[in-house]
Every structure is written in structure tokens, then in C-alpha cells.
2 protein chains.
Amino acid sequence: MKTLKIPEATIMRLAVYSRYLERAEKQGITTVSSAAIADGTGVSPAQVRKDLAYFGEFGTRGVGYHTGELSSNIRRILGLNRCWSAVIVGAGKLGSALALYEGFLSRGFRIVGVFDIDPKIVGKHLGEIEVLHVSQLEDVVARKKAEIGIITVPASAAQEVGERLVKAGVRALLNFSPHVLNLARDVIVRNVDFSLHLEVLTFNLVFGKIKKEVAEEK
Amino acid sequence: MKTLKIPEATIMRLAVYSRYLERAEKQGITTVSSAAIADGTGVSPAQVRKDLAYFGEFGTRGVGYHTGELSSNIRRILGLNRCWSAVIVGAGKLGSALALYEGFLSRGFRIVGVFDIDPKIVGKHLGEIEVLHVSQLEDVVARKKAEIGIITVPASAAQEVGERLVKAGVRALLNFSPHVLNLARDVIVRNVDFSLHLEVLTFNLVFGKIKKEVAEEK
DNA sequence: TAGATTGTTAATCGATTAACAATC
DNA sequence: TAGATTGTTAATCGATTAACAATC
């Protein structure tokens, strides 16, 4: 069986193109070229065409791509032509901010449950939704058919929460904790620990300086 | 001039190893092997050794790595052996959560300024720090010598905020907005838009299903 | 010495890019 | 037809992995 392997970077870029196209659409631009998309998103035109070619032929030679058409095609590829139900575990500062984040709803993500273990937090209202005790996790996930789990608990609790979510039926996890989850391989996990990103920044700040000094010595 | 190019993925992994080592240290484990690190962080042992080899020889053949020593070496490589000053622009839900996030301080990141444009938000206190009007951005960045800018404003304002931060002296940006920043090439930017990550999840949920169906047809 | 594990090289794998035929 | 831009191939580039000599 021939399995075509699509680079993960391609998917990330498709999401970026998608945002660019939505902006272009709003501005009334009806046709875009790979060069324009490339320009607006900081990649190469060849990269744009290659990324799109994994999924079909969306353009017209000599003309370019129809903005709205390409936009909706990419949204379909990314699975954004439907709603997704997600639960958040951990209603601390980050979890609460995410529960109230309008950007989710506008892109089709519905938060159908927020959980915490702290009795001081359980019962709080975050917009429409009430924070429930984590003991109700399994029940709510099953009843609301949540497919995505968002983990915003401390590192020490992340593994257990991940396991419970998966056992309850969740198939994809967004992990904000710094703990690397060890789960069945068919579970889709993305780590978005942002202090990790901060550390890449500081490395580059320090290393950039070293490179500059080395260059000057020569 | 020979410039050794270090993969960005290597830096991300170093940060992950760093967390693993800190945990191991706390548990009183004094020696770790590349296989143990690999196991605990989900990469291959060869990868671990290769990543470390970019920066020096930290282990002892036949023995492994001294946990504390390797841990502090990696922290030094990542630039975490010193404090870094950062400002946050945008004190909405996400910006506020980040300003109050204890994880930053514990890893040496100090938030020295939080800004917003909304008069309803300016003047609020987030822990020790008061939200200032964005007009004071340049002044505070210069006075407090902030080196890192964290952007948590809506997409429409991100580019302008990025430009102002850089002009004020910030050299590295953590961009939480979905807008791709277009700045001088020596500015270090990392995009941590998490709806992007959510979309990679949904793609994989949909695509995994397609792959499975294709496999079953055969 | 025998067993273990590193550091490093060479081979492999995968992703990006350049180039161009196809075609509007 | 001339100009433009796609879709695709082949070449290049870079990152990962396997293998093993070095060495504790």
C-alpha cells in the first residue's frame, strides 16, 4: 500500500495560508497567485504550490487561484467545515482564558466542558459554562461526544489526565503542560508549552550574539 | 567562514530534555543515559546524543551523563543561566493569564511591563504589575531594557505592535496572534498561535480516518 | 578483561527548491 | 500569439538514524 506522507509543516502552513486567504477575501481580492500567498505568509511560492498539490489542483495556469474557492478548499482539508467539541481540563489562569477565548468558537471549536480538581474553582462560571469537578470528566466526554482534550493542568497531573481523556473517548490532545505525554500511538497529541518557545527565543538571543562575535574575529 | 547550522528542532528538544533532567534530579537520579532521556522524552537515543554533540561532550563513555551537570549545561546553552525581561502587549484574557503565569518567573523570565489600548483595561492590576497604556510602551521598554516582547493583541494590531516593539529595542518576539509578522530578518520571532495547533489536530483526526478507510478498501 | 555507553561518521530518509512543460 | 502562472519533476539541501570505534 502506497501511503503518501504529508509533512506536518505542510499542515501548519495550510492553516497559515487559510488565514491569509480569509483576510484577502475580506479585502475583496478575488484572485491570488502562489507568489502573493508566499509573500503574505513568508514562505516560497514553490512551497505554496507544493503544499497545495498534496491535496489536489486548485488553481488555473496562467491565472492563479480563486480566493474564496481555495480558502474553502483549505478549510475543508483542515477539517474546519464542521464543528468540533472540546473539553478543557484545568481551569487555572490559562484554562480559564482558553475557555473564554472567542477565537475558538469563530473557527468551529465548541468548549463543551471545563474541569478542575480544586473545590475553590469548581462551580465557577466561565461565560456560559460551569467548571465541573474532574470526577465528571468521563461522563461529560461520553455524553457530549468530545473529540478534543485541552490539558492545562500542572505537569505532575498531565499524564493521568491524558490517560483518562483517551480512555473516555477523546482522540486528540492539545497539551499546554510541559510534560511529554506517553500515550497510545494512535492518539494525536500536540504540545504547545509556550515556555518552551520562550527558551528557543533566549537560545537564539544568546547564540546570535556568539555567531556575531565569531564572525567578527575572522 | 564555516557556520555550523543547528536545527531549530534540536533547540526545542534540548528544552524538553532540560525538563526531563530537572525531574530526574528531583527524584535523586544522579546518572542518566541517552537511552533513558530518549525514553522519557519520546525521541531516539541517537537523536539525544547528536543534539548534545552540537554543543560539546557532556557524557562519559560507558557511564552516561551526570544528571545535574548535564541539566545545568543545557540551561546554560538555552540562555537560562540569567534573567530575561519581557513585556506583554495586549492585556486581554490571554495576556492577563500570561502576566500572572508563575512558570515564567520560575524559569527566569520577568514581566516588566503589560500594555493595552482599552481604557477599561488600563490601570488594572495583574499581581504586582499595573496595566499601562500602550503609548508608554517605548518608554518602558527602553527604561527596563526589555529584550523580549510578547504579543497578545488581535491580528489586526499585531504588525504595528511588532514594529513598535522592535523599534523600541526588543530583539525577540513571541507572537500569539494569528498574524504572520513581517519584520527585519535579525528579529527573532516565534509564532505560538494555538488555534493553528488545533487545526493540525482536526486535520489529523479527519485524515487519519481517510487513511484508515483507504487501508480497509485494499 | 567484559560490558556498557558515548561521540561521530556515513547512509538513509525526507523536505525544500529550482526549473520547466503544461496551459490559461 | 505573448505573457503569466500553475502543477510536477528532478536536484538539492538538511535532518535523522544506524552503526561502530573510542573509552570508561
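Predicted, not measured: the structure shown is a model, and the values here were computed from it. Reckoned from all heavy atoms, side chains included, excluding hydrogens, waters and symmetry mates. Letters A, B, ... mirror the listed sequences (proteins, then strands); counts begin at 1.
Distance CD (B:Glu8) to C1' (C:dA15): 15 Å, rounded to an integer number of Å. When rounded to the nearest whole Å, the span between CZ of B:Arg49 and P of D:dA22 equals 16 Å. We find that CZ of B:Phe58 is positioned 11 Å from P of C:dT8, with the value rounded to whole Å. As a whole-Å value, the separation of A:Leu52 CG from C:dA15 P is 17 Å. At whole-Å resolution of the value, CD1 in B:Ile37 and C1' in C:dT5 are 12 Å apart. Distance CE (B:Met12) to C1' (D:dA15): 16 Å, rounded to an integer number of Å. Following rounding to the nearest Å, B:Gln47 (CD) and D:dA19 (P) show an atom-to-atom distance of 16 Å. At whole-Å resolution of the value, NZ in B:Lys5 and P in D:dT12 are 21 Å apart.
Between A:Arg164 and A:Glu160 there is a salt bridge, since a side-chain N of the basic residue sits under 4.0 Å from a carboxylate O of the acidic one.
Pairing of C:dT9, defined by two Watson-Crick or G-U wobble distances under 3.5 Å, is identified with D:dA18. In this structure, C:dC24 forms a base pair with D:dG3, meeting either the Watson-Crick or the G-U wobble geometry with both donor-acceptor distances under 3.5 Å.
A donor-acceptor contact under 3.5 Å is not formed by the side chain of B:Arg61 with the base of C:dG7.
Toward the 5' end of DNA chain D, the nearer of the two residues B:Pro7 and A:Gly62, judged by each one's closest nucleotide, is A:Gly62. If you find the closest nucleotide of DNA chain C to B:Ala53 and to A:Lys50, the one lying nearer the 5' end belongs to B:Ala53. Where A:Arg13 and A:Val63 each meet DNA chain C at their nearest nucleotide, the meeting point lying more 5' is that of A:Arg13.
In this structure, of D:dT5, D:dA18, C:dT16, it is C:dT16 that holds the atom nearest to the side chain of A:Ala9. Among the nucleotides D:dA15, C:dA18, D:dG7, the one closest to the side chain of A:Tyr65 is D:dG7. When distances are taken from the side chain of A:Ser44 to each of C:dT17, D:dT6, C:dG7, the shortest belongs to C:dT17.
Atoms CG and OH, from A:Leu78 and A:Tyr17 in turn, are 11.5 Å apart once rounded to the nearest 0.5 Å. Taking OG of B:Ser177 as the start and CG of B:Asp193 as the end, the distance is 7.0 Å to the nearest 0.5 Å.
Using bins of under 30°, 30° to 60° and over 60° for the plane-to-plane angle, the ring pair B:Phe104/B:Tyr101 lands in the perpendicular bin.
Checking A:Arg75, A:Arg13, A:Arg19 one by one against B:Glu199, the salt bridge (charged side-chain N to carboxylate O under 4.0 Å, His left out) holds for a single residue, A:Arg19.
The side chain of B:Ser34 contributes no N or O atom lying less than 4.0 Å from OP1 or OP2 of C:dT5.
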